[in-house]
Engineer: 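Please find one structure pasted underneath; my questions will follow.
Numbering starts at 1 and runs along the sequence shown. None of the values given here were measured: they were computed from a predicted structure.
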Amino acid sequence: MGVVVTDAEVTLADVLSLRLAIDEPLEDGTELVLRHRTTGVERDVLLRTSRARAREATLSISLEPLDLSTGRWDAYLRRDGKRSRLRSVDPGFSLDHLDAYALCKRTLAYRSYRTRNGFLALKISDAEPVAEVRSIWFREGRFEVMGLLAYTGLEDDDTRHEATLTLDRRLTGAHLSATATVQGVRFHAAVSLVDVLAAGHEEAEGSGTWEPALEVEGVPTPLRLGARLDDVDGKRRRLHYPSSRVDGVLIRPCYTADDELRIEVGG
């Protein structure tokens with residue numbers, strides 16, 4: 001049975017929508033099997049099939065009732081106990097769709113994608129409210145960042161919300177804050193690099209790592225700054241931003257292994 005996914009998307013209602021190119025109609029009893037890549041746990045769904053002669057088929061599978069845990073799930077088709085991985089030619093990436101998906105308040109985020117070997121898979125992650133970073137730069141002696149508030153439930157409109165950018169160093173308890181701008185779900189924040197150095201003066205050259213967060217009116221908890229709504233894994237190794245020097249001290253932004261933003265001073 002020749003089956004290839006030509007279009008895959010998780011809708012705003014957390015429904016996996018698939019368009020398949022098929023050589024022959026799917027047989028009765030065909031199941032979609034999702035297998036957790038780490039634990040081997042499986043979930044299966046009996047597909048509704050049609051015997052009509054066609055070159056393509058569409059499927060819609062509600063994901064929430066399947067009780068899928070966080071991680072990566074590979075997709076298979078199974079019939080009479082035999083199964084094969086579901087091939088895909090859809091890269092499964094649309095930044096506009098991911099932005100729209102992130103506007104809703106959620107506990108889990110579901111995303112379909114094509115593996116490097118050309119198979120369909122799902123990535124499921126926790127969806128706590130975050131400040132999604134889109135641009136970072138140094139200019140006029142300031143660190144500036146802009147992006148999108150994700151999973152907060154705020155409306156994408158012209159409403160302005162009071163907001164504050166905070167930077168903390170857990171090891172020393174040092175704290176720094178600056179006024180930020182939030183309009184709808186879009187944010188912009190900036191902080192003086194001289195102030196960053198001055199706030200860390202208790203250590204040699206103020207060296208250390210700062211953790212930025214955004215406090216926003218109407219959002220109960222501070223939002224960590226990070227970058228997850230894209231197709232770039234391992235940002236700490238793959239993304240390198242320009243650095244700046246203030247009074248001879250190196251300052252640079254970077255990401256953790258969990259794709260959270262940090263500002264490193266000195267070192």
Engineer: Just distance, no hydrogens or angles: give the donor-acceptor pairs under 3.5 Å from side chains in residues 173-185, sequence neighbours left out.
Structural biologist:
{"residue": "His175", "atom": "ND1", "partner": "Asp168", "partner atom": "OD1", "Å": "2.7"}
{"residue": "Gln183", "atom": "OE1", "partner": "Arg160", "partner atom": "NH2", "Å": "3.3"}
{"residue": "Gln183", "atom": "NE2", "partner": "Asp158", "partner atom": "OD1", "Å": "3.2"}

Engineer: For residues 88-108, pull every pair meeting salt bridge (Lys or Arg N to Asp or Glu O under 4.0 Å), keeping only residues two or more places apart or in separate chains.
Structural biologist: Asp14-Arg106, Asp99-Arg134

Engineer: Decide side-chain hydrogen bond (donor to acceptor under 3.5 Å, both in side chains) for Thr159 and Asp157; before the verdict, give the C-alpha distance in whole Å, the side-chain angles of both, and the deciding distance to 0.1 Å.
Structural biologist: CA-CA 6 Å; Thr159 302; Asp157 54 21; 3.2 Å; yes

Engineer: With sequence neighbours left out, what residues match Arg85 under salt bridge (charged side-chain N to carboxylate O under 4.0 Å, His left out)?
Structural biologist: Asp74

Engineer: Is the shortest distance from a Lys or Arg side-chain nitrogen in Glu264 or Arg262 to a carboxylate oxygen in the other one below 4.0 Å?
Structural biologist: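 Judged by the 4.0 Å cut-off on N to carboxylate O distance, Glu264 and Arg262 do not form a salt bridge.
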
Engineer: Going by the rule ring-ring contact (aromatic ring centres under 6.0 Å, His included), which residues pair with Phe143 if we only count those two or more places apart in sequence or in a different chain?
Structural biologist: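 Phe138.
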
Engineer: So how far is it from Thr209 OG1 to Ile263 CD1, rounded to the nearest 0.5 Å?
Structural biologist: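 With rounding to 0.5 Å, OG1 (Thr209) is 10.0 Å from CD1 (Ile263).
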
Engineer: Return the OG to CZ distance between Ser88 and Arg19, rounded to the nearest 0.5 Å.
Structural biologist: 12.5 Å

Engineer: Under 4.5 Å between side-chain heavy atoms, chaining through other members, with only Ile, Leu, Val, Met, Phe, Trp and Tyr counted: pull out the rest of the cluster around Val89, sorted by chain and number.
Structural biologist: Val4

Engineer: Assigning hydrophobic clusters by single linkage (Ile, Leu, Val, Met, Phe, Trp, Tyr; side-chain heavy-atom cutoff under 4.5 Å), is Val5 placed with Val45?
Structural biologist: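 Yes: a chain of side-chain contacts under 4.5 Å links Val5 to Val45.
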
Engineer: Do Val219 and Tyr151 belong to the same hydrophobic cluster, where Ile, Leu, Val, Met, Phe, Trp and Tyr are linked whenever their side-chain heavy atoms lie under 4.5 Å apart, directly or via other members?
Structural biologist: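 Same cluster: Val219 reaches Tyr151 through Ile, Leu, Val, Met, Phe, Trp or Tyr contacts under 4.5 Å.
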
Engineer: From Ser69 OG over to His36 NE2, what is the distance, rounded to the nearest 0.5 angstrom?
Structural biologist: 4.0 Å

Engineer: Output yes when Arg55 and Asp23 qualify as a salt bridge under the 4.0 Å nitrogen-oxygen rule, no when they do not.
Structural biologist: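 Here Arg55 does not pair with Asp23 in a salt bridge, since their nearest N and O are not under 4.0 Å apart.
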
Engineer: Are more than 12 heavy atoms from other residues, nucleotides or ligands located less than 6.0 Å from atom CD of Glu64?
Structural biologist: no

Engineer: Tell me which one of Leu229, Val10, Leu98 satisfies side-chain contact (heavy atoms from CB on, under 4.5 Å) with Arg111.
Structural biologist: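 Of the listed residues Leu229, Val10, Leu98, the side-chain contact (heavy atoms from CB on, under 4.5 Å) partner of Arg111 is Leu98.
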
Engineer: Of all residues at least two apart in sequence or in a different chain, which pass the salt bridge (charged side-chain N to carboxylate O under 4.0 Å, His left out) check with Glu144?
Structural biologist: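 With neighbours one apart ignored, the set is Arg139, Arg142.
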
Engineer: If you define the side chain from C-beta out and look only at heavy atoms, does anything of Leu149 sit under 4.5 Å from Leu223?
Structural biologist: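 Answer yes - side chains close enough.
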
